Amino acid sequence: MTNDDLAGFEAIYRRDFAFVWRSLRRLGVPVRDLGDATQEVFLVVHRNFQRLDRQRPIVSYLYSVCLRIASNRRRSAVLRHERLSEQAEPLETSDEALAIDAEAQRLRERRALLTRALDAMSLDQRAVFTLFELEGRTAEEVASILGIPAPTVASRLRLAREVFRRTIERHRAREHFELRRAGGER
Amino acid sequence: MSELKHWLDDASEADDFERAILRAGLEPDPPQTTQDQVWSSLMGTLTVAPLLAPDAAAASAKAAGAGISKASAVWIAVVKGFVVGLAVYGATAGVSEVSKRFSTPRAPAAGSVRVTTPERAPSTRAEPQSTTPTPTLTPAPVEVAIPRTLSRGTESTPTRPSTSRETNVLPSVAAFDDSEQPSSKRSSRLQDEVRMLRRAREELRAGKLADAFATLEATEHRFSAPALTQEREALMIELLYRSAQRPAAEERARAFLSRYPESPHAQQVRQFAR
């Protein structure tokens, strides 16, 4: 790698680090593994740097690497009989987890619920859903990042939303049931 | 497709609760310190690789022998070779496994690995052609320049000829130390792998060839899906070269180059492939 290449690599790293970090997190990589996983992504980028197609947006390549790494980790977690989302914290930062006030607790619960909903999706659906709903990308951008046709984005998003809604409905039903039970016990 | 509305938009079909759940997922970006830590760790990982070109290896061996008479050096070399050889046998728990490993197509050195006194490479070897105007880029170790602000330490090799742009820089502490991950007692696999490869490299630099071999073997057994296959293989090639297994090193280097022609370590490995 020449000095120019290294400078280019570092520029990509600095610009897209947060995107990679967020993407991995939203694809289900637990907080404790985020550092490693992010490093893995950029290791792959470094190795393939000279072969990168500069005509294509780098973000698309980065995301494809994120997807592969998240998928590998998912698979090996299954093989090790781990449940990523229960071992890992829900989508949150560690300092926030320490907060004990009611607002922080509510945020924590909501993130846990979101994590449950995301975990219930397939990785493909999850990628579309998080890029569109959380990353705020347009459907066209999602199609470009994932390298899939536009109608596929729409259909995966629809399915992912259904999964999301089902999870929320189940949560509401459980809460309702517990409230009634608590009322009955009183 | 443009009619698709984000659920976080107030005008979307999502209800308030669904929006609140989604909003909870809008995390802040990781802090700059995290970015720097990962960068530092990444640079450390990228410099794990082989790092002595044949010329440098020869120079290292030469420097190590300076001050000792030629006859003494020969005797020391013979004894050292014998002791090291014994250690390899013990450390690798049997020659058969090693033979098996080295008789695979990927591992060209048939038979057991014989670790002997390092041989001197021809010191007059021509420098490989560099495509860059900076002469120090070749045949230096994996060329990764560490930004000064991020370099946590330098690893100096006294026996190695100094270069104007020494890039063999490693962070002195693991960027992702276990103590920084209170949420999990499990140590990071990648960092463990980096640590082991780094150890193997240090042993290689120190001339502890048997130890280096044992460490590399242990790395292979421990990590069934290694993230640093190329780095490990590059180190093994150098180890073979320095263990007087030049044909094996060359063949393995050629296999490496055909498999990873664009590897950042290809430039170094190419020198072993001659």
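The shown structure was predicted, so the numbers you read here are calculated from the model rather than taken from an experiment. Convention: sequence-line order gives letters A, B, ...; per-chain numbering from 1.
Looking only at atom types and distance, the side chain of B/Glu193 has no donor-acceptor partner in the side chain of B/Thr219 under 3.5 Å away. Between the side chains of A/Tyr61 and A/Asn48, at least one donor N or O lies within less than 3.5 Å of an accepting N or O.
Of all the listed residues (A/Glu133, A/Glu40, A/Glu135), the one sharing the greatest number of non-hydrogen pairs under 4.5 Å with chain B is A/Glu133. The greatest number of non-hydrogen atom pairs below 4.5 Å with chain B, out of A/Asp4, A/Ile168, A/Val44, A/Thr38, is found for A/Ile168.
The pair B/Glu233-B/Arg259 does not count as a salt bridge, with every side-chain nitrogen at least 4.0 angstrom from each carboxylate oxygen. A salt bridge between A/Arg47 and B/Glu231 is present, with a side-chain N of the basic residue lying under 4.0 Å from a carboxylate O of the acidic one.
Only the side chain of A/Phe164 comes within less than 4.5 Å of a heavy atom in chain B; its backbone stays farther off. Residue contact with chain B, scored on non-hydrogen atoms closer than 4.5 Å, involves the side chain of A/Arg172 exclusively. Both the backbone and the side chain of A/Leu43 come within contact range of chain B, with heavy atoms under 4.5 Å apart.
For A/Arg137 against A/Phe132, the heavy-atom pair with the smallest separation is O-CD1, 3.3 Å.
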